[in-house]
A.B. asks: 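Here it is: the structure, laid out below.
Everything quoted here is computed from the prediction, not taken from an experiment. Numbering of residues begins at 1 and proceeds along the displayed sequence.
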Amino acid sequence: MLEEIRAELLELRDDNYLAFNKKTNPELYNSLGVRIPEQRRIAKRIIKTDFWRFLDEEPKNYYEEIMIEGIVIASAPMSTMERFDYLANFVPKIHDWATCDCVAASFKIRESERDQYWDFIMRYRKSEAEFEGRFMLVMILDHFIMAEYWARIIEILEDLPSKAHYVEMAAAWLISVMMVKNRDATLTYLEGDNNLSDFVQNKAISKCCDSLRVNIEDKMRLKKLRRVK
């Protein structure tokens with residue numbers, strides 16, 4: 001099956017899109033320039049067939065093959081424990097922000113499973129691998145910004161696993177989503193004596209100020225919290 005998928009991806013390659021994508025995703029490697037909607041279409045078709053066969057076939061060499069693998073893992077009908085087994089093998093394959101973010105957004109987590117997913121992503125709580133840390137944070141912002149996890153999220157922000165660029169960018173993005181979901185608590189956190197790096201604090205404020213879901217008064221209040229070296 002992998003050879004068939006690879007042949008299809010080669011037919012869909014788009015050099016112009018590849019050139020554009022490299023500008024926004026510097027870590028992109030061995031890519032054919034296949035657009036995300038096409039990748040999702042292929043993943044959806046695989047899920048309707050023998051997706052186990054596709055997941056078990058290696059090596060997946062192209063960026064698009066790895067992206068499709070992640071989407072299938074996130075979306076295919078399987079038990080939670082089976083999904084976690086595949087996901088544990090997949091996460092170390094993530095080497096760019098787009099794969100991380102697209103795969104994280106592809107999960108549909110049932111309320112009854114939420115704590116299990118939280119426990120799973122906490123295996124990356126102390127990881128110094130840049131995209132393992134980012135995967136944890138993006139999963140949180142996509143699926144866990146709710147009252148029962150709030151204190152735990154703050155604890156993670158106070159002790160980020162890495163100072164790597166894409167980890168800190170994800171932390172700033174997470175805070176901007178928290179601002180939309182719980183304005184008062186997020187303002188209190190940013191105004192307080194937090195342990196965020198200057199980069200995360202300032203980038204989070206910038207993202208909040210760019211958001212159409214944050215009002216003008218709050219943006220003015222946030223701008224006063226920027227740290228100047």
A.B. asks: Drop me the distance from Arg6's CZ to Lys60's NZ, to the nearest 0.5 angstrom.
C.D. replies: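 NZ of Lys60 is found 9.5 Å from CZ of Arg6.
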
A.B. asks: Taking only Lys NZ, Arg NE, NH1 and NH2, and the carboxylate oxygens of Asp or Glu, determine whether Glu155 and Arg152 approach each other closer than 4.0 Å.
C.D. replies: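 Judged by the 4.0 Å cut-off on N to carboxylate O distance, Glu155 and Arg152 do not form a salt bridge.
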
A.B. asks: Checking side-chain hydrogen bond (donor to acceptor under 3.5 Å, both in side chains) for the pair Glu113/Thr80: CA distance, chi angles, key distance, verdict?
C.D. replies: CA-CA 8 Å; Glu113 301 173 332; Thr80 304; 2.8 Å; yes

A.B. asks: May I ask you to decide whether Glu111 forms a salt bridge with Arg114, counting only side-chain N to carboxylate O separations under 4.0 Å?
C.D. replies: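 A salt bridge is present here (some side-chain N lies under 4.0 Å from a carboxylate O).
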
A.B. asks: I'd like to know if Lys163 and Glu130 make a salt bridge, using a cut-off of under 4.0 Å between side-chain N and carboxylate O.
C.D. replies: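 Glu130 and Lys163: not salt-bridged.
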
A.B. asks: How long is the straight-line distance from OH of Tyr86 back to CD of Glu69, given to the nearest 0.5 Å?
C.D. replies: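 Here the interatomic distance stands at 9.5 Å.
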
A.B. asks: For Glu58, does the CD atom sit with more than 12 other heavy atoms under 6.0 Å from it, leaving out its own atoms?
C.D. replies: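 Count over threshold, so yes.
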
A.B. asks: Residues sharing Ile216's hydrophobic cluster, by side-chain heavy-atom contacts under 4.5 Å among ILVMFWY, directly or via others?
C.D. replies: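 Answer for Ile216: Met220.
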
A.B. asks: Does Glu27 come within less than 4.0 Å of Lys22, counting only side-chain N to carboxylate O?
C.D. replies: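 A salt bridge is absent here (no side-chain N lies under 4.0 Å from a carboxylate O).
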
A.B. asks: Side chain to side chain contact (heavy atoms under 4.5 Å, CB included) with Phe90: which of Leu55, Asp85, Ile66?
C.D. replies: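 Only one of Leu55, Asp85, Ile66 forms a side chain to side chain contact (heavy atoms under 4.5 Å, CB included) with Phe90, namely Ile66.
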
A.B. asks: Determine yes or no for a side-chain-to-main-chain donor-acceptor pair under 3.5 angstrom, with Glu128 supplying the side chain and Ser162 the backbone.
C.D. replies: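 A pair under 3.5 Å: no.
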
A.B. asks: Given the rule in the side-chain hydrogen bond (donor to acceptor under 3.5 Å, both in side chains) test, do Glu158 and Tyr189 qualify, once you have shown the distances and angles that lead to the verdict?
C.D. replies: CA-CA 10 Å; Glu158 286 294 280; Tyr189 176 60; 2.5 Å; yes

A.B. asks: With a cut-off of 6.0 Å (strictly less than), are more than 12 heavy atoms of other residues, nucleotides or ligands near OH of Tyr29?
C.D. replies: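 Atom OH in Tyr29 is packed in, count exceeds 12.
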
A.B. asks: For Asp96, check salt bridge (Lys or Arg N to Asp or Glu O under 4.0 Å) against everything at least two apart and list the hits.
C.D. replies: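 Asp96 satisfies salt bridge (Lys or Arg N to Asp or Glu O under 4.0 Å) with no residue once adjacent residues are dropped.
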
A.B. asks: Taking all non-hydrogen atoms of both residues, which atom of Tyr63 and which atom of Ala98 are closest, and how far apart?
C.D. replies: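 Smallest interatomic distance, heavy atoms only, reads OH-CB, 3.5 Å.
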
A.B. asks: Measuring from atom CZ of Phe135 to atom CZ of Arg123, what distance do you get when rounded to the nearest 0.5 angstrom?
C.D. replies: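 Reported value, rounded in 0.5 Å steps: 10.0 Å.
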
A.B. asks: Do Phe84 and Tyr117 pass the ring-ring contact (aromatic ring centres under 6.0 Å, His included) test, and can you show the C-alpha distance, the side-chain angles, and the key distance before you say yes or no?
C.D. replies: CA-CA 8 Å; Phe84 289 166; Tyr117 274 87; 4.9 Å; yes

A.B. asks: For Asp159, is there an ion pair with Lys126 - N to carboxylate O distance below 4.0 angstrom?
C.D. replies: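 A salt bridge is present here (some side-chain N lies under 4.0 Å from a carboxylate O).
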
